[in-house]
Each structure stands twice: as structure tokens, then as C-alpha cells.
Amino acid sequence: MSDLSQSIVLQTFSNSNPKSSLNTRNVLSGKASGSMGFQVETEPHHLHIYSHKHNTHVTFTRPNKEPIISLSAGNLGFKKSRRGGFDPAYSVTKYAFERLIHTGVQFEKLELVLRGFGPGRDAAIKVLMSPEGKLFRERIIRVADSTRIKFGGTRSPRPRRL
């Protein structure tokens, strides 16, 4: 119960004047005036995996969405229709992880953002579950799906007459 009396919320209520508005400066700033301080949550880095039937793109970004590394299956030498399969997507995801480890990017939290329904989606998840993805798998805090869904959209073409 003594810990509760020293919490930031109770200190904020006790410091505020009943005639004035509520003082939330301590709560919103993340700084505690008492002995019981807390650390402000840091934003996670993002791993974007965009997969469609012709290619797979892997982008690792900072919390403010600036890219650190961005690769696609074409960067590894897969050309034309060979870019759209499971194996190129596995290779590009594995290569991106190796480059991130080699460059020494420091991050505590990671958000995985998947987009599209191509074969690269499953391949990227397989890489995360493999030993190559152990460093990244431990730090994932959220998995999001940002696949775009068409509502209504444009008028479909007329039916073909034979």
C-alpha cells in the first residue's frame, strides 16, 4: 500500500489545486517526482514484408519510418517470373536479416507488418521461425496486417462475349 501512495497518479492528484484544472504534466512527460520512476516506452522498429504474386519486398525501418534496409527478390539476381516464388522470398528475407546483423543495428522492439497474400508471406514467417530469425523473433511485440482491401472500387469490365 505504501507503493501505491507514492505512485505518479496520486502525486499528480495531490499536487493539483482543486480550483484549477488537473495537472497531468508528470504523467504525460514520463518523469516521476518521487522515488518510484518509470521509463518512457520506446517506439518499435518496423519490419515490412510486402508480398504479391510477382515479387517480395522486405524493408526494415526506424521508428519514424525511415528505411534502414530495403530489398526485393530482384536485388539478389532473380529475374522476371522467377522473383515471385517461395524460394526467392525466403532468400531475400534471410539475406536482409544477415545484413542487419552484420551492420549491427541496435533495436529493442520490433513490429512485423505484413502486406499482401503472395508466397513471400509464408516464406518470411518461415525465416522468422528458423534459427536465422531467432534474434528478431525474440523482440517482436506486434504483428500487423496492412493488406489493402478494396471497398467497391472501380466498375468491373463488361463480360466477354464469345
Side-chain angles (χ1 to χ4, degrees), residues 3 7-9 12 22-32 36-159:
D3 293 333
S7 72
I8 295 169
V9 175
T12 303
L22 181 63
N23 180 12
T24 58
R25 183 177 54 234
N26 289 342
V27 174
L28 296 177
S29 68
K31 297 175 184 175
M36 190 174 146
F38 65 91
Q39 186 175 358
V40 177
E41 292 292 324
T42 59
E43 289 289 319
H45 283 70
H46 302 273
L47 178 63
H48 297 270
I49 298 170
Y50 173 41
S51 173
H52 51 91
K53 71 178 186 175
H54 299 296
N55 206 346
T56 301
H57 300 272
V58 177
T59 306
F60 190 82
T61 63
R62 292 186 174 92
N64 61 356
K65 304 291 194 311
E66 291 177 1
I68 296 173
I69 186 172
S70 180
L71 292 169
S72 69
N75 294 113
L76 297 184
F78 294 99
K79 298 297 177 190
K80 305 284 182 175
S81 63
R82 303 180 82 209
R83 293 181 294 209
F86 184 90
D87 294 333
Y90 191 94
S91 299
V92 74
T93 308
K94 183 178 173 182
Y95 182 71
F97 287 173
E98 289 172 356
R99 289 248 332 246
L100 285 168
I101 292 170
H102 180 69
T103 56
V105 176
Q106 299 293 324
F107 62 96
E108 296 175 15
K109 298 176 183 176
L110 181 66
E111 179 178 352
L112 179 64
V113 181
L114 300 169
R115 185 171 144 199
F117 294 112
R121 183 183 184 115
D122 295 331
I125 292 172
K126 291 272 187 186
V127 174
L128 277 170
M129 295 299 142
S130 69
E132 292 94 1
K134 183 179 180 190
L135 175 69
F136 298 91
R137 183 175 59 232
E138 294 172 348
R139 298 176 182 190
I140 292 177
I141 60 167
R142 183 181 310 133
V143 178
D145 188 1
S146 66
T147 303
R148 296 180 178 159
I149 299 172
K150 183 170 76 171
F151 289 102
T154 59
R155 182 178 173 183
S156 58
R158 65 172 178 82

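We use all heavy atoms of the structure for the numbers below, so side chains are in, but hydrogens, waters and symmetry mates are not.
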Let me check something: any side-chain donor-acceptor pairs from residues 75-82 under 3.5 Å, sequence neighbours excluded? List them with distances.
| unit_1 | atom_1 | unit_2 | atom_2 | d |
| --- | --- | --- | --- | --- |
| N75 | OD1 | S72 | N | 2.8 |
| N75 | OD1 | S72 | OG | 3.2 |

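Closest approach of T59 and T61 over heavy atoms only: CG2-CG2, 3.7 Å. Scanning all heavy atoms of the two residues, the minimum distance from A124 to I49 falls at CB-CD1, 3.3 Å. When all heavy atoms of S51 and G120 are compared, the closest pair comes out as OG-N, 3.0 Å. Heavy atoms only, all atoms of each residue included: P119 and F86 are closest at O-CD1, 3.8 Å.
When each of R142, K65, R62, K109 is checked for a side chain to side chain contact (heavy atoms under 4.5 Å, CB included) with H46, only K65 meets the rule.
Legend: salt bridge (charged side-chain N to carboxylate O under 4.0 Å, His left out) pairs involving residues 129-139, not counting sequence neighbours, sorted by first then second residue: K94-E132.
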**Message:** side chain to side chain contact (heavy atoms under 4.5 Å, CB included) for H48 and H57? Distances and angles first, verdict last.
**Reply:** CA-CA 8 Å; H48 297 270; H57 300 272; over 6 Å; no
**Item:** Step-by-step side chain to side chain contact (heavy atoms under 4.5 Å, CB included) determination, L114 to I125
**Value:** CA-CA 10 Å; L114 300 169; I125 292 172; 4.2 Å; yes
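Side-chain contact between E111 and E43 is absent, with no heavy-atom pair separated by less than 4.5 Å. Within the 4.5 Å cutoff, side-chain heavy atoms of L110 are placed close to those of F60. Under the 4.5 Å side-chain criterion, counting only non-hydrogen atoms from C-beta, S130 is in contact with Y90. By the 4.5 Å heavy-atom criterion applied to side chains, I140 and L128 are counted as neighbours. In this structure, the side chains of I69 and Y95 stay at 4.5 Å or more apart for every pair of heavy atoms. Counting only heavy atoms from C-beta outward, the side chains of I101 and F136 approach each other to under 4.5 Å. For the pair R121 and T147, the minimum side-chain heavy-atom distance is below 4.5 Å.
Rounding to the nearest 0.5 angstrom, the gap separating the CG atom in N64 from the NE2 atom in H45 is 8.5 Å.
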